[in-house]
> 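Below you'll find the structure I mean.
Note that the structure is a prediction, hence the values are computed from the model and not measured.
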Protein chains: 2
Amino acid sequence: MQLSNTSQYAIRMLAYMADKKDSPLINATELAKVLQIPYKFLTKIMTELVKADLVVSMRGREGGYSLSKKASDIKVDDILNIFHDSIQEEQCVLGIGFCNGMCKCALHDQWMEPKLLLQKMFRESSLEDIAGKGCKI
Amino acid sequence: MQLSNTSQYAIRMLAYMADKKDSPLINATELAKVLQIPYKFLTKIMTELVKADLVVSMRGREGGYSLSKKASDIKVDDILNIFHDSIQEEQCVLGIGFCNGMCKCALHDQWMEPKLLLQKMFRESSLEDIAGKGCKI
DNA sequence: ATTAATTACTACTTTAAGGTAGTATTAATC
DNA sequence: GATTAATACTACCTTAAAGTAGTAATTAAT
Ligand code: SF4
Ligand code: SF4
């Protein structure tokens, strides 16, 4: 019951960038150092974020990354979707096929409420909402 | 954000056994067939449940498995604990170290409520509560 | 006693996530 | 133009979960 490492890293990377909205570009070396994420793995993830159009990159000397849109327009769920970590409507906590609404599984009734709250949290939290909140980054 | 296959299987296995409380012993072949779980993997998991004292086994011909206690005395969380899948108090949705209550991470405030509901669901749901509920097993 | 049916044990294979290494490409600075 | 510092690409390695295979141990029925 936890997000994948990749998703966790991506959220933290983007949240940090949102927090540093003054600096036009942020480079991978700084991110890896501050967030304690393996440099090579970070750049791999970042390239996916660029392809998914959440981030724009500038190559070459003095290059780096920046958010492609306003922090308030990037939701946590947008990030999870890239890595197939978003909670789907029919997702069963016991993983027995899909939910058809008629044929429930054993934990269905208790699962609905936290599932909705998680979906809400991911869909409604934007980078702006979480940037700079708390001391853990 | 899903339980491991192993935990999902274990919950379904035990829930099925709880539902079949008439039959004194249930064997692995039947379980694997009904629950559509690979036989060899199922017996591997079951052996762990035996070692954890949730299940007692009878070897030899006419042998099988049965719950070691009343279905109402086995909570879903007891099962998750065996496979280290239970949600810990300090578990961070962003996986940044442990929570000290003072130094929050970015999603802390939104994570508290669904986390509590999940813990509640796992701790308060017993096998009796979920056995035979719904048609998905 | 032998056989058949069952769980337990040991060891291996497969798969996917996580992580690493090396090189190519790009662009500002000198 | 050469150098340097950055991202992008390709390919590989590592680790843990998931799954498989074969054999040993146990017990009831015959
Ligand atoms: S029964 Fe409930 S938990 Fe199972 S798939 Fe349907 S919605 Fe999900
Ligand atoms: S800050 Fe919140 S989410 Fe992060 S570790 Fe502490 S309790 Fe968990």
> In whole angstrom, what separates L31(A)'s CG from dA5(D)'s C1'?
16 Å

> Between P on dT4(D) and CG on N27(A), what's the gap in Å once rounded to a whole number?
18 Å

> Which atom pair, heavy atoms only, marks the closest approach of A18(B) to L127(B)?
CB-CB, 3.9 Å

> Encode nucleotides 14-24 of chain D as B, S and - characters from 5' to 3', where the letter depends on protein heavy atoms closer than 4.0 Å: B to the base, S only to sugar-phosphate, - to neither.
----SBBBBB-

> Between dT7(D) atom C1' and I45(A) atom CD1, what is the distance in whole Å?
15 Å

> Flag yes if more than 12 heavy atoms outside K21(A) fall under 6.0 Å of its NZ atom; otherwise flag no.
no

> Rounding to a whole Å, what distance do you find between M58(B):CE and dA28(D):C1'?
9 Å

> Quick check against the 3.5 Å criterion: does D129(A) have a side-chain atom that pairs as donor or acceptor with the backbone of S126(A)?
yes

> Of T43(A) and G60(B), whose nearest nucleotide on DNA chain D comes first from the 5' end?
T43(A)

> Hey, which of these two, E62(A) or V50(B), hits DNA chain C nearer its 5' end, going by closest nucleotide?
V50(B)

> Considering residues, nucleotides and ligands other than Q119(A), do more than 12 of their heavy atoms fall under 6.0 Å from its CD?
yes

> Starting at atom CD1 of I26(B), determine the distance to atom P of dT7(C), rounded to an integer number of angstrom.
11 Å

> Would you kindly give the CG-to-C1' distance between L25(B) and dA28(D), to the nearest whole Å?
12 Å

> Quick one: R61(A) CZ to dA6(D) P, roughly how many Å, whole number?
8 Å

> When all nucleic acid strands are considered with a 4.0 Å heavy-atom cut-off, which category describes M46(A): base, sugar-phosphate, or nothing?
nothing

> Please work out if T47(B) contacts a base, only the sugar-phosphate, or nothing of the nucleic acid, heavy-atom cut-off 4.0 Å.
sugar-phosphate

> What integer distance in Å separates F83(A):CZ from dG19(C):P?
13 Å

> Have a look at L31(B) and tell me which of Q36(B), M46(B), R12(B) forms a side chain to side chain contact (heavy atoms under 4.5 Å, CB included) with it.
M46(B)

> State plainly whether the residues K20(A) and E30(A) are in salt-bridge range, i.e. N to O under 4.0 Å.
yes

> Give every residue pair that meets the side-chain hydrogen bond (donor to acceptor under 3.5 Å, both in side chains) criterion with at least one member in residues 39-57 of chain A, sequence neighbours excluded.
none

